[in-house]
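None of these values were measured; they are calculated from a predicted model.
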Amino acid sequence: MSSERAPLSAEAMLASSADAVIGIDGELRVTFWNPAAERMFGWSADEVLGGELPIIPQELRPEYGAVLEQVRAGTPLTIFTRRLRRDGTALDVRVSTGCVHDDRGRHNGWVLVLYPREKEAQAQASAMERARLVRRLTDVVADINTDLSLKSVLDRIISSLTELTGADAGGFVLLDENRVRLVSLTHLSDELYGVSAPLETSLFGELLRSGKSVLLANSDTRSLEDLVWADLPGLHTIALCVSNAQGRPYGALYALYSRRRVGHVELELLELLAEHAGVAIGNAMAYEELKLQRARERAVADSSADGIAVLDFSGKVRKWNRSAAELTGYSFEEVEGKHPPFPIPAAHGEPVKHKNDGGRWLEILMARIPSTDEWVVDFRDITAQKALEEEREFFLASTGHELRTPVTVIQGYAAMLSRKGERLGPAGRQEASEIILDRARALAKLVERLRLGSDVASGEMTLDRVPFDLAELLGQSVAAFRPLAERQELVLDSEGPLWTVGDPLVTGMVMDQLLENSLKFSPDGGEVRVTVEEDGEDSLTIHVQDEGVGIDPGDEERIFERFFQSGERGDRRGYGGLGIGLYIVRQLVREQGGEVTAHRLERGTRMRITLPRHRGEEVEFGVGPEDTSVRGRVPGPSSA
């Protein structure tokens, strides 16, 4: 059978694509911009065609250039990154980049396919990895700046190059008029030190003529045997980047690969390191100049936002700038001739972090002045940075963890309705719909209270305090998880009503977390039993007991620490999780005046929760002792 319709053209299909498709020519100008790109980023085709791609954030331009360079070398690439909309907001996207060739097979440009990132876990993992690399790069930069000798700075840069980029060897060439000279190297023969070559015929010269900041050369596209770097056996790829100092090209970093392949992350790190290397080199050059111009020393020190101290050979203060006095609270007169009021790094390149008596965190670096046998100590305030890093890390982790449980319940019941809806009957469908509605309401409340994670860490949580029937809440939690207990027997022992005072939504979250843990860590089945009973006149006790993998001896308290997982539970490939659930559980229970403890059993684990007891007869009339304005039925977790 043949179709009478006209065949679809490639242009028509690209125009109809749900993904943003962008064409870039060899001059980095936009040549194609489909409707999906316009919808995603807000610019029309007329506004972008013929110009540079406007969606690249300034801080990610090195990444963009590195990706294009690698793809041009012949390897299509897909990365997760961030791009800008026309209104200035950022969008997390997945970008697939490929080469476009002309009829003769020559490189003619690139094609980019972009679509938003849908998986929060991928976005979080990417952000955490980028944050890790940035933190490591920051440490490397601090290490580079601890020694102000120009030769030492260059050696530290090259040593950091192989560590950060995974290169098998590296070197730094200095630009000396029309020649380049190798002044620092690692994992190469010492005989190469000081070797020079004409700039015109070098890869550095080719890079300068291209106007780009990074160049990738490999044995597939050119011969590397006539280069001095061929001294490295098995060399197949050379990546180099310009290092600018004091506003001009000073030299170039070379990363050499003989065993592993180089990717866009390595190229991006190479470019970032080259930028910081330029700063470090400039600092070293400036410091050597300062030794000849001592008259400028006081003005430079006093204008610095960092605290700067000069110590004599015995470690006692000789000079103390304005910022040093502000950061420590001690004037120069108070510290002159004494040891500084903070610990001193043991050696170059070993920064010390110290919290002073005023609660301020300082990062302290030190460098020696050989000509005067003195020490320069530089310290800066990192209090806000440490607080922000800790708060951001915990907030991201706790938010994702808290949202997962209600979503799991909703997904489970929705799937059951989809597969077995006809067999459930009206009553079964109604019950499932009510549970979905109940969890959706709880999820909406969770979204409104996303600050819970940071509140837990800061101790500033605000919880409701209302009377509610604990037995009823436990029944709702157990009923919600029964469809998820495929291999376990989920049992509830309670004689209600048993009234407590607290936040029913938060208590429901606690129970959901404990039930989820019991099911997850009981992969071989067994019984999961929930019991609740009176514990004297003032408290109620809940036990959640399973027959699962249990916890290691001595970890009964440690499992309530953030990010800690005991024994077999720590196998994240098998069980997943971030190790923060029980930390949140304990904080939430304590905020309600209760306590939670873990008990190791011969088989499985028993979690014990105590909550304050409330006399039920007082709420039967709708009036609680803490809020006499309450009327009617006390809300349970489904309506909190």
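- For the residue pair W375 and R368, the shortest heavy atom distance occurs at CZ3-CB, 3.4 Å.
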L188 vs L256, side chain to side chain contact (heavy atoms under 4.5 Å, CB included): CA-CA, chis, key distance, verdict: CA-CA 10 Å; L188 292 170; L256 312 177; 4.0 Å; yes
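- Y257 and A167 get closest at one heavy-atom pair: CE2-CA, 3.6 Å.
- Not counting sequence neighbours, W43 has no partner by the ring-ring contact (aromatic ring centres under 6.0 Å, His included) test.
- Residue F172 comes nearest to G251 through the heavy atom pair CZ-CA, 3.9 Å, listed as atom of the first residue, atom of the second, then distance.
- Residues L185 and I158 are not in side-chain contact: their nearest non-hydrogen atoms beyond the backbone lie 4.5 Å or more apart.
- The nearest pair of heavy atoms linking L91 to F41 is CD2-CE2, 4.2 Å.
- Note that the CG atom of L203 and the CD1 atom of I238 stand 5.5 Å from one another [nearest 0.5 Å].
- Ion pairing between a basic and an acidic side chain is recognised when a charged N comes within 4.0 Å of a carboxylate O; E557 and R586 show such pairing.
- A heavy-atom distance below 4.5 Å is not found between the side chains of D92 and F80.
- By the 6.0 Å contact criterion, CZ on R209 is enclosed, its count of non-hydrogen atoms from other residues, nucleotides or ligands being greater than 12.
- Remark: the backbone N or O of L273 is not paired with any side-chain donor or acceptor of E275 at under 3.5 angstrom.
- Side-chain atoms of V262 and L216, non-hydrogen and from C-beta on, do get closer than 4.5 Å to each other.
- Each of S202, P249, S243 was scored for a side-chain contact (heavy atoms from CB on, under 4.5 Å) with L175, with one residue passing: P249.
- Salt bridge status for E374 with K319: absent, with no side-chain N to carboxylate O gap under 4.0 Å.
- One distance of note links CG of L164 with CD of E268; it measures 11.5 Å at 0.5 Å rounding.
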Check against side chain to side chain donor-acceptor pair (under 3.5 Å), D155 and S184: CA-CA 6 Å; D155 290 342; S184 185; 2.8 Å; yes
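- The pair E59-R82 meets the salt-bridge criterion, since a charged nitrogen lies less than 4.0 angstrom from a carboxylate oxygen.
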Salt bridge (Lys or Arg N to Asp or Glu O under 4.0 Å) between R360 and E326, intermediate numbers included: CA-CA 11 Å; R360 177 177 281 171; E326 293 176 354; over 6 Å; no
Verdict with reasoning, I56 to R83, per side chain to side chain contact (heavy atoms under 4.5 Å, CB included): CA-CA 6 Å; I56 311 299; R83 294 294 180 255; 3.3 Å; yes
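- Rounded to the nearest 0.5 Å, atoms CZ (R558) and CG (D552) are 10.0 Å apart.
- Contact check for L514 versus L582: side-chain heavy atoms found under the 4.5 Å cut-off.
- Rounded to the nearest 0.5 Å, atoms CG (L269) and OG1 (T165) are 7.5 Å apart.
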Y64 and T81: CA distance, side-chain angles, deciding distance, side chain to side chain contact (heavy atoms under 4.5 Å, CB included) verdict: CA-CA 10 Å; Y64 173 62; T81 185; over 6 Å; no
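- Remark: R179 CZ is packed, more than 12 non-hydrogen atoms of other residues, nucleotides or ligands lying under 6.0 Å away.
- Tested against F342, the residues D357, V352, I364 include a single side-chain contact (heavy atoms from CB on, under 4.5 Å) partner, I364.
- Under a 3.5 Å cut-off, the side chain of T383 and the backbone N or O of W361 do form a donor-acceptor pair.
- Nearest heavy-atom pair, D464 versus D503, reported as atom, atom and distance to 0.1 Å: N-OD2, 2.9 Å.
- Heavy-atom neighbours of E334 CD from other residues, nucleotides or ligands within 6.0 Å: above the threshold of 12.
- In this structure, L588 CG and Q513 CD are separated by 10.0 Å, a value rounded to the nearest 0.5 Å.
- For R260, the CZ atom counts as densely surrounded, since its 6.0 Å shell holds more than 12 non-hydrogen atoms of other residues, nucleotides or ligands.
- Around atom CG of D373, more than 12 heavy atoms belonging to other residues, nucleotides or ligands sit under 6.0 Å away.
- With rounding to the nearest 0.5 Å, the separation of NZ in K316 from NE2 in H339 is 5.5 Å.
- Within the 4.5 Å cutoff, no side-chain heavy atoms of R380 are placed close to those of L365.
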Chi angles and distances behind the side chain to side chain contact (heavy atoms under 4.5 Å, CB included) call for V377, M366: CA-CA 4 Å; V377 180; M366 185 172 68; 4.1 Å; yes
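- Under the 3.5 Å distance criterion, the side-chain polar atoms of T89 are left unmatched by any main-chain donor or acceptor of R85.
- Residues N321 and D306 come closest through the heavy atom pair ND2-O, 3.1 Å.
- Proximity of V183 to L154: side-chain heavy atoms (C-beta onward) are separated by under 4.5 Å at one or more points.
- Between E556 and T597, every side-chain heavy-atom pair lies at or beyond the 4.5 Å cut-off.
- Scored by the ring-ring contact (aromatic ring centres under 6.0 Å, His included) test, Y254 finds W229 as partners (sequence neighbours excluded).
- The shortest distance between side-chain heavy atoms of H187 and D168 does not fall below 4.5 Å.
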